[in-house]
Number of protein chains: 2
Amino acid sequence: MEPAQALRADARHNRVRILEAAREAFATRGLDVPMAAIARRAGIGVATLYRRFPSRESLITEVFGDELATCASVVDEALADPDPWRGFCSAIEKVCTMQVADRGFTDAFLTAFPDAIDYERTRVRAEQGFAEVTRRAKAAGRLRADFDLADLTLLLKANCGVATGTSEAAAAGSRRLVAYLLQSFRAEHAEPLPPAPPLTLDFLYGSATVR
Amino acid sequence: MEPAQALRADARHNRVRILEAAREAFATRGLDVPMAAIARRAGIGVATLYRRFPSRESLITEVFGDELATCASVVDEALADPDPWRGFCSAIEKVCTMQVADRGFTDAFLTAFPDAIDYERTRVRAEQGFAEVTRRAKAAGRLRADFDLADLTLLLKANCGVATGTSEAAAAGSRRLVAYLLQSFRAEHAEPLPPAPPLTLDFLYGSATVR
DNA sequence: AGCTAAGCGGATGGGGTCGTCCATTTACGT
DNA sequence: ACGTAAATGGACGACCCCATCCGCTTAGCT
């Protein structure tokens, strides 16, 4: 993942400064913050930034690799919870909180990364873990049987819509939305639903691609 | 609203072509489609566009005035329905469908218009009408008592998040989200919720302002 | 038909971002 | 201490978008 071995000491140092700056910048200004702004915040020149990360995408991938890993660990925690339903709920709540806190993270979920292998690998791992959480929660009779994995995407995208701005109000909105939806996800009193959207790429990512 | 009287015939003609082109462009490409693209689609020069609508905002206001009026009439239909709950549900379903069909409409809901009076007036009218729908649905014992008007905004914003792209999948997602939420809104089996977000401006509009 | 003001659209300047090039600086092995 | 290759950063050209200016065209009245 990191060919950062052969780098000279100063280059290695700058590399982490770039990543810190990018994380901050993405979090507060979203994914399309100018590259120059990131460079300035890191206290380096634009050229250095471009040499280290040839495309904006590679930078994003690197930055959100960590946060995606956090997602995966959230799923692992959910799997470790003896109560499948509680695990299910807290996993969703945690991820949604992360989304609200970080605007770039929100965007990253909506954006297609044609060739970010590591990224995609972790994502798939988290997804499969969550599928297992789902399976258990259904088996325990707490999660409605017609819950579809696409409903997770649905919830995340809905949460994205609520998470505009980083204000406290957005956080409150997100909490409430999640509470509403979790209530609907419960097996008790479940009523028929329209079919889940197919989990195609253009639903996952809208039609957005990073430039 | 329309000082289009004193215009020469050709100018009047071009004005409607601009509006048509703008409606299409906003619907398919979102609110920040280049002005030049609108002009080209309308088959006129940029200058003409700017003379007729000095700011992008004035154009948006004009274009979405109609659609907002449709919203208001949707609310009126809901008020006319003898069954308050059915009115409540169908109003929400209709507006959400509109949002999915028109990307610009979605954006318009998220964007602040500091001085679009007509626009704002209609919006307030629709909002008050919906408040009445809400009151009746609660009185009929169908809508949960702790439903807050901010929950409508919450739902609309959530729906915006789902409505990226104009694909059929987005429509299916929206329908399912709405079904989930309407189920949670029902009075029966309602459970405690975290507090509703305050209906402040920065929640309504994120921190977005049209440029 | 002819006049005039309204209307038109291309060209243009100003601002902003992207991504590269190259002269200069700096780390690090000897 | 010194030489070399790695690393740096500012300047630059290309592109895109906004919004205005100005010389030309045309509708509509008499």
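A, B, ... follow the sequence lines: proteins, then strands. Residue 1 opens every chain.
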When you get a sec, tell me which of dG9(D), dA7(D), dC18(D) is the closest nucleotide to the side chain of Arg52(A)?
dA7(D)
Is any side-chain N of the basic residue among Arg125(A) and Asp76(A) closer than 4.0 Å to the acidic one's carboxylate O?
yes
In terms of the nearest nucleotide of DNA chain D, which residue is placed more toward the 5' end: Asp10(B) or Val46(B)?
Val46(B)
Please report the distance, rounded to the nearest Å, between CZ in Arg15(A) and P in dA6(D).
18 Å
Arg23(B)/Asp66(B) salt bridge by N-O under 4.0 Å criterion
yes
Less than 6.0 angstrom separating the ring centers of Phe185(B) and Tyr180(A), yes or no?
yes
Starting at the 5' end of DNA chain C and moving along, which residue's nearest nucleotide shows up first, Pro34(A) or Pro54(A)?
Pro34(A)
Examine dC8(C): is either OP1 or OP2 under 4.0 Å from a nitrogen or oxygen in the side chain of Arg51(B)? Give yes or no.
yes
Rounded off to whole Å, could you give me the NE2-to-P distance for the His13(A) and dT8(D) pair?
11 Å
Are any of Asn14(B)'s side-chain N or O atoms less than 4.0 Å away from OP1 or OP2 of dC8(C)?
yes
Going by an N to O cut-off under 4.0 Å, is there a salt bridge joining Glu132(A) and Arg135(A)?
yes
Please pick, from dC8(C), dC18(C), dA7(D), the nucleotide with the shortest atom-to-atom distance to any side-chain atom of Ala11(A).
dA7(D)
Test: Arg86(A) and Glu93(A) ion pair at under 4.0 Å
no
Whole angstroms only, please: what is the CD1-P distance between Ile18(A) and dA7(D)?
12 Å
Please report, rounded to the nearest Å, how far the P atom of dT25(C) is from the CD1 atom of Ile44(A).
19 Å
To the nearest angstrom, the OH-C1' distance between Tyr50(B) and dT12(C) comes to 14 Å
Rounded to whole Å, the CG-P distance (Leu7(A) to dT8(D)) equals 8 Å
Residue-phosphate contact under 4.0 Å: Thr48(A) side-chain N/O, dA7(D) OP1/OP2:
no
Using a heavy-atom cut-off of under 4.0 Å over every strand shown, decide if Ala9(A) touches base, sugar-phosphate, or nothing.
sugar-phosphate
Sugar-phosphate only, base, or nothing, as touched by Arg40(B) at under 4.0 Å among non-hydrogen atoms:
nothing
Value in whole Å for how far the C1' atom of dC17(D) lies from CD1 of Ile38(B):
12 Å
Check the distance between dC17(D)'s C1' and Leu59(B)'s CG and give it to me in whole angstrom.
16 Å
Whether the side chain of Arg8(A) and the base of dA7(D) hold a donor-acceptor pair under 3.5 Å is what I'd like checked.
no
Hey, does Ala47(A) reach any base, or is it just sugar-phosphate, or nothing, if we go heavy atoms under 4.0 Å?
base
